[in-house]
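Presented below is the structure to which this report refers.
Keep in mind that what you see is a predicted model, and the values were worked out from it rather than measured. For the numbers below, each heavy atom of this structure counts, side chains included, while hydrogens, waters and symmetry mates do not.
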Amino acid sequence: MKKIILLAVALVSLATITSCSKDDDASLQGKWEILKYGELVNGQEVLVDVTPDIDGCNQDYVQITATNTIFHEFEDFGSGCEEIIGDPVPYTRDGNIITSSDGTSEIKSLTGSTLKIYSVENFGGTTTTYITVLKRI
């Protein structure tokens, strides 16, 4: 699960501050909590809820700025919940296609409160579409 969440974070790190559609004035800039993750299976989204790693810890989130994204993760190292802040990741955008050193993904939907991102990975002859759903916090 940790690998999928890290992949999800990589996908989110590809986001920019403009909306996906003319009807949607939502911005990507801000804090986004990782709400669900999963895969596309036979054309259907199969998603599971993401919960904090440890009771009493905050939910992992991504902070998106105008030029990069920063991942915030909460872990228990035996002394309670501690926040780990990842390095900023720069990105570029061409339409809904987002590219960074973490890979390429597509913004599937964006509203004022939710963001859905698809990322395709080819590994060992198998193609998998990963899905990440985030909630603005």
Side-chain angles (χ1 to χ4, degrees):
M1 179 171 142
K2 202 63 148 161
K3 181 179 178 184
I4 292 174
I5 291 175
L6 291 176
L7 177 61
V9 170
L11 300 177
V12 173
S13 70
L14 305 173
T16 66
I17 64 169
T18 58
S19 173
C20 304
S21 73
K22 296 176 188 174
D23 298 332
D24 188 358
D25 62 357
S27 169
L28 289 176
Q29 190 168 353
K31 291 182 180 180
W32 294 92
E33 180 179 272
I34 302 169
L35 188 62
K36 296 177 184 271
Y37 72 93
E39 297 178 13
L40 197 61
V41 179
N42 297 323
Q44 298 292 318
E45 292 182 357
V46 178
L47 300 170
V48 296
D49 293 335
V50 175
T51 58
D53 294 330
I54 301 135
D55 288 339
C57 281
N58 292 333
Q59 183 74 333
D60 295 346
Y61 70 92
V62 177
Q63 186 171 351
I64 301 173
T65 67
T67 58
N68 59 46
T69 61
I70 302 169
F71 176 59
H72 297 255
E73 180 177 19
F74 296 90
E75 295 285 340
D76 183 359
F77 294 104
S79 59
C81 191
E82 295 183 35
E83 183 176 17
I84 302 167
I85 302 173
D87 293 328
V89 177
Y91 57 80
T92 60
R93 179 176 178 181
D94 183 11
N96 288 338
I97 304 301
I98 310 300
T99 305
S100 79
S101 59
D102 292 324
T104 301
S105 63
E106 179 181 4
I107 298 171
K108 295 302 274 187
S109 65
L110 172 64
T111 69
S113 61
T114 60
L115 168 65
K116 183 185 292 184
I117 297 176
Y118 278 25
S119 177
V120 177
E121 180 180 291
N122 296 306
F123 185 74
T126 303
T127 300
T128 304
T129 300
Y130 293 102
I131 305 165
T132 308
V133 179
L134 300 105
K135 174 180 81 171
R136 186 180 302 276
I137 54 174

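- Residues D60 and V50 form no side-chain contact, since every pair of their non-hydrogen atoms from C-beta on lies 4.5 Å or further apart.
- With a 4.5 Å cut-off on side-chain heavy atoms, E45 and L40 count as touching.
- In terms of heavy-atom proximity, S100 sits nearest to P90 at CB-O, 3.3 Å.
- Residues satisfying the side-chain contact (heavy atoms from CB on, under 4.5 Å) test with T126, not counting sequence neighbours, are T128.
- The minimum heavy-atom distance linking T111 with W32 is given by the pair O-CH2, 4.0 Å.
- Counting heavy atoms from C-beta on, the side chains of L47 and Y37 never come closer than 4.5 Å.
- We find the CG-NZ distance between D49 and K36 to be 4.0 Å, quoted to the nearest 0.5 Å.
- Take V46 and apply the side-chain contact (heavy atoms from CB on, under 4.5 Å) test, not counting sequence neighbours, and it matches V41.
- Residues S101 and V89 share a closest heavy-atom pair of OG-CG1, 4.3 Å.
- Here the straight-line distance linking atom OH of Y130 with atom CD of E39 works out to 5.5 Å at 0.5 Å rounding.
- Q63 CD to I85 CD1: the interatomic distance, rounded to the nearest 0.5 Å, is 8.5 Å.
- The shortest distance between side-chain heavy atoms of I34 and Y61 does not fall below 4.5 Å.
- Not one N or O on the side chain of Q59 forms a donor-acceptor pair closer than 3.5 Å with the backbone of E73.
- Between E33 and R136 there is no salt bridge, since no side-chain N of the basic residue sits under 4.0 Å from a carboxylate O of the acidic one.
- Side-chain contact check for L35 versus L134: every heavy-atom pair is 4.5 Å or farther apart.
- Around atom CG of D87, no more than 12 heavy atoms belonging to other residues, nucleotides or ligands sit under 6.0 Å away.
- Between L115 and V133 there is no side-chain heavy-atom pair separated by less than 4.5 Å.
- The minimum heavy-atom distance linking T65 with Y91 is given by the pair O-OH, 3.1 Å.
- Remark: I131 CD1 to E106 CD distance equals 11.5 Å, nearest 0.5 Å.
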